[in-house]
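Working notes for the structure below.
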Number of protein chains: 2
Amino acid sequence: MDERQALIAFGALSQETRLRLLRLLVVAGPQGIAAGSLAEQVEVSPSNVSFHLKELERAGLVTARRDARSIVYSAEYDALSGLIRFLMEDCCSGRPEICAPALAAPCCRPGEGIRQ
Amino acid sequence: MDERQALIAFGALSQETRLRLLRLLVVAGPQGIAAGSLAEQVEVSPSNVSFHLKELERAGLVTARRDARSIVYSAEYDALSGLIRFLMEDCCSGRPEICAPALAAPCCRPGEGIRQ
DNA sequence: TCCACGTTTCAATAATCCTTGAAATGTTGA
DNA sequence: TCAACATTTCAAGGATTATTGAAACGTGGA
């Protein structure tokens, strides 16, 4: 992930509806969720959800595929990893005192697995 | 770091000048850098730098202290850790396949220390 | 006390982003 | 082919954010 892309990704995550969309897509996994279903779940209009999904797509955080009449979105795990990594190494500039506490995140401690 | 704060922080990081300011402050460490010096280094006007520093401060990513005539800013490492952690556990929702690749970041592998 | 310095605040403008609803697109089944 | 469906696109308006320069503020030294 280069800086330009990271800037766009941070912008994408800075909006509540988009953050909620992304979270739904992350837990949904590779199977993804159709745009209409996303619109229902986050309770915003289809056209507005479409607008925000486009923005997430531009940031590389989600991808779209057509499935019959629906357009199914799914999270791009690589982009998310890349963004975390950008924060860690590029932004934190080799200061372990920043990264170290983050590594205590339950989902990331080896052998612990899933959160909650 | 709660969601509200994370949204503000992502917004703060989504602007080029602010990202550059934060990076300078991260490498500067607890000693910090005066506003005027930051303005020179990023080559924007004092009033504009002040505007962006305020935004970073609102996001909790930096703090300010007065030192004689200068106002010295420094990075809030805890907030950065918190943001990384937010991405990992809240956003990635317990999917190790997202976090795992991020852990390969050089600065974060135990025993490796500083990047570059 | 007064002046110069470093910084912030303010007001105005420009730029970007978000929301809305209507119209357009592509898809499926009858 | 036609109608209904799922979604996107577009244009318009409102809201937020960024930039600029001038004025105000607090500080330290003469």
Side-chain angles (χ1 to χ4, degrees), chain A residues 3-25 28 31-76, chain B residues 3-25 28 31-76:
Chain A
E3 173 173 330
R4 184 189 132 68
Q5 202 61 16
L7 282 171
I8 299 177
F10 286 134
L13 295 182
S14 71
Q15 211 276 346
E16 194 176 357
T17 301
R18 287 195 293 259
L19 192 55
R20 286 167 64 202
L21 288 170
L22 184 64
R23 282 212 265 232
L24 289 171
L25 292 173
Q31 175 187 348
I33 305 177
S37 171
L38 285 169
E40 279 177 16
Q41 294 184 62
V42 304
E43 294 180 294
V44 315
S45 74
S47 99
N48 194 10
V49 129
S50 179
F51 169 81
H52 287 304
L53 286 170
K54 272 260 161 325
E55 198 63 19
L56 286 169
E57 202 178 8
R58 188 171 75 96
L61 295 169
V62 308
T63 47
R65 66 176 191 276
R66 181 175 280 279
D67 177 13
R69 289 200 243 213
S70 294
I71 299 202
V72 175
Y73 285 85
S74 38
E76 271 294 317
Chain B
E3 173 173 330
R4 184 189 131 67
Q5 202 61 16
L7 282 170
I8 298 176
F10 286 134
L13 295 181
S14 71
Q15 210 276 347
E16 193 175 357
T17 301
R18 286 195 293 259
L19 192 54
R20 287 165 65 200
L21 288 170
L22 184 64
R23 281 212 265 234
L24 289 171
L25 292 174
Q31 177 186 349
I33 306 177
S37 170
L38 285 169
E40 279 177 16
Q41 294 184 60
V42 303
E43 295 181 296
V44 315
S45 73
S47 98
N48 194 11
V49 128
S50 179
F51 169 82
H52 286 305
L53 286 170
K54 272 259 162 322
E55 198 63 19
L56 286 169
E57 203 178 8
R58 187 170 76 96
L61 294 169
V62 308
T63 47
R65 66 176 191 276
R66 182 175 280 277
D67 177 12
R69 290 199 244 215
S70 294
I71 298 201
V72 175
Y73 285 86
S74 38
E76 271 294 317

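A, B, ... follow the sequence lines: proteins, then strands. Residue 1 opens every chain.
When each of V72(A) and S45(B) is assigned the nucleotide of DNA chain D with its nearest heavy atom, V72(A) is the one assigned upstream, toward the 5' end.
Of all the residues in residues 46-58 of chain A, S47(A), N48(A), F51(A), H52(A) reach under 4.0 Å from DNA chain C with at least one non-hydrogen atom. For residues 33-43 of chain B, proximity to DNA chain D is found at no residue, defined as any non-hydrogen atom under 4.0 angstrom from a strand atom.
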Report all side-chain donor-acceptor pairs from residues 8-18 of chain B shorter than 3.5 Å, counting only partners two or more places apart or in another chain.
| from | atom 1 | to | atom 2 | distance (Å) |
| --- | --- | --- | --- | --- |
| S14(B) | OG | G11(B) | O | 2.7 |
| Q15(B) | OE1 | T17(B) | N | 2.9 |
| Q15(B) | OE1 | R18(B) | N | 3.2 |
| R18(B) | NE | A12(B) | O | 2.8 |
| R18(B) | NH1 | H52(B) | ND1 | 3.1 |
| R18(B) | NH2 | G11(B) | O | 3.2 |

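E76(B) and T63(B) make their closest contact through OE2-CG2, 3.2 Å (heavy atoms, listed as atom of the first residue, atom of the second, distance). For the residue pair L24(A) and I33(A), the shortest heavy atom distance occurs at O-CD1, 3.7 Å. Contact detail for G60(A) and Q5(A): the closest heavy-atom pair is N-NE2, 3.9 Å. For the pair A39(A) and V49(A), the tightest heavy-atom approach, listed with the atom from each and the gap, is CA-CG2, 3.7 Å. When all heavy atoms of L53(A) and A35(A) are compared, the closest pair comes out as CD1-CB, 4.2 Å. The two atoms that bring A64(A) and I71(A) nearest to each other are CB-CG2, 4.0 Å, heavy atoms only.
Note: R65(A) CZ to S74(A) OG = 5.0 Å, rounded to the nearest 0.5 Å. One finds the CG atom of L38(B) at 5.5 Å from the CG atom of L21(B) (value rounded to the nearest 0.5 Å).
Formation of a donor-acceptor pair under 3.5 Å by the R66(A) side chain with backbone atoms of A68(A) is found in this model.
In terms of the side-chain contact (heavy atoms from CB on, under 4.5 Å) criterion, S50(B) has no residue partners (sequence neighbours excluded).
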Under 3.5 Å, which protein N or O atoms sit close to an N or O of nucleotides 23-30 of chain D? Give each pair with its distance.
none

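Heavy-atom contacts of chain A under 4.0 Å fall on DNA chain C between two terminal nucleotides, which in 5' to 3' order are dC18(C) to dT28(C).
For R4(B), the CZ atom is loosely surrounded, since the number of other residues' heavy atoms within 6.0 Å does not exceed 12.
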